[in-house]
Structure formats: C-alpha cells, structure tokens
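Below is one structure; the comments refer to it alone.
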Amino acid sequence: MRQTMYGVRGLTCGACLAELMERVRSMAGVRSVEVDLVDGGESRLVLTTSSTPQHRLVRAAVEEAGFSLSARPVPSDVSAEVER
C-alpha cells in the first residue's frame with residue numbers, strides 16, 4: 001500500500017468534505033481517504049492506494065467535486081510505502 005498527501009482548496013464544511021471523499025473513494029485502487037479540513041485554507045487529503053495514484057485522475061476527481069488540488073502531491077514522509 002502507498003500513502004500520498006495532497007493539498008485541496010475550497011473545502012468549507014462537512015457537506016463539502018463528504019462530496020470530496022465520495023468522488024475520491026470511487027477512484028480505482030483507492031483503499032482509504034482521509035481529509036483534515038481547514039476551512040478557508042488548504043486541507044490535507046491523504047490517499048491510501050494499492051499503487052501510486054495518477055495525479056491527473058486525482059485532480060479530475062477533486063475538480064469534479066468542485067474544489068482545487070495543489071499542483072503536485074505535498075512532499076511528506078506520508079508518501080512512503082506502508083507495509084500491510
């Protein structure tokens with residue numbers, strides 16, 4: 001499993017959060033989704049996937065939900081391989 005972190009802008013409430021999570025969960029290979037909501041700022045989106053997610057597909061899912069994705073995955077030790 002692999003975890004990758006992204007920044008997402010535009011989230012302001014629980015309904016926004018639910019919409020984003022529904023869109024991203026439906027992507028192939030996504031095992032889990034976590035979001036730290038920052039109202040009016042950049043929220044942290046963490047995807048646990050079976051392989052490295054394609055940035056364009058993540059961007060498309062986020063934009064379809066009505067939000068914007070940071071240009072690239074956020075550098076972090078969260079992007080390391082996770083043993084399961």
Side-chain angles (χ1 to χ4, degrees):
M1 293 293 160
R2 182 166 185 83
Q3 286 189 325
T4 308
M5 185 171 60
Y6 298 89
V8 177
R9 292 203 165 276
L11 294 169
T12 58
C13 65
C16 296
L17 180 65
E19 178 67 23
L20 174 66
M21 291 181 78
E22 180 180 330
R23 297 284 180 147
V24 175
R25 273 192 192 119
S26 69
M27 294 174 48
V30 172
R31 302 292 182 230
S32 69
V33 178
E34 296 175 37
V35 179
D36 292 326
L37 177 65
V38 177
D39 184 7
E42 188 168 273
S43 299
R44 186 177 69 146
L45 167 66
V46 180
L47 301 181
T48 302
T49 56
S50 55
S51 61
T52 303
Q54 293 183 15
H55 186 72
R56 68 180 177 79
L57 297 178
V58 175
R59 178 178 298 284
V62 169
E63 289 177 354
E64 285 174 8
F67 310 105
S68 61
L69 188 68
S70 59
R72 299 187 186 282
V74 177
S76 170
D77 58 358
V78 173
S79 293
E81 292 292 325
V82 175
E83 294 203 24
R84 288 224 173 186

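These numbers come from the heavy atoms of this one structure, side chains and all, not from hydrogens, waters or symmetry mates. Computed from a predicted structure; not experimentally measured.
Residues satisfying the side-chain contact (heavy atoms from CB on, under 4.5 Å) criterion with Thr12, sequence neighbours excluded, are Cys16, Asp39.
Taking each heavy atom of Ser70 and Arg59 in turn, the nearest pair found is O-NH2, 3.4 Å. Nearest heavy atom pair, residue Arg31 against residue Ser50, reads NH2-CB, 3.5 Å. Minimum heavy-atom separation, Arg9 to Gly41: NH1-C, 3.4 Å. Minimum heavy-atom separation, Tyr6 to Pro53: OH-CG, 3.5 Å. Considering all non-hydrogen atoms of both residues, Leu69 and His55 come closest at CD2-CE1, 3.6 Å. Closest approach of Arg23 to Ala65, counting heavy atoms only: CG-CB, 3.7 Å.
For the pair Leu11/Val35, a side-chain contact is recorded, criterion being any heavy-atom separation below 4.5 Å from C-beta on. In this structure, Leu20 and Val62 have side chains that are in contact, with non-hydrogen atoms separated by less than 4.5 Å.
If you chain together hydrophobic residues whose side chains sit under 4.5 Å apart, Met5 and Val38 never meet in one group.
How far OG1 of Thr52 is from CG of Leu47: 11.5 Å, rounded to the nearest 0.5 Å. Note that OG1 of Thr48 is 4.0 Å distant from CD of Gln3, once rounded to the nearest 0.5 Å. In this structure, Ser68 OG and Glu42 CD are separated by 8.0 Å, a value rounded to the nearest 0.5 Å.
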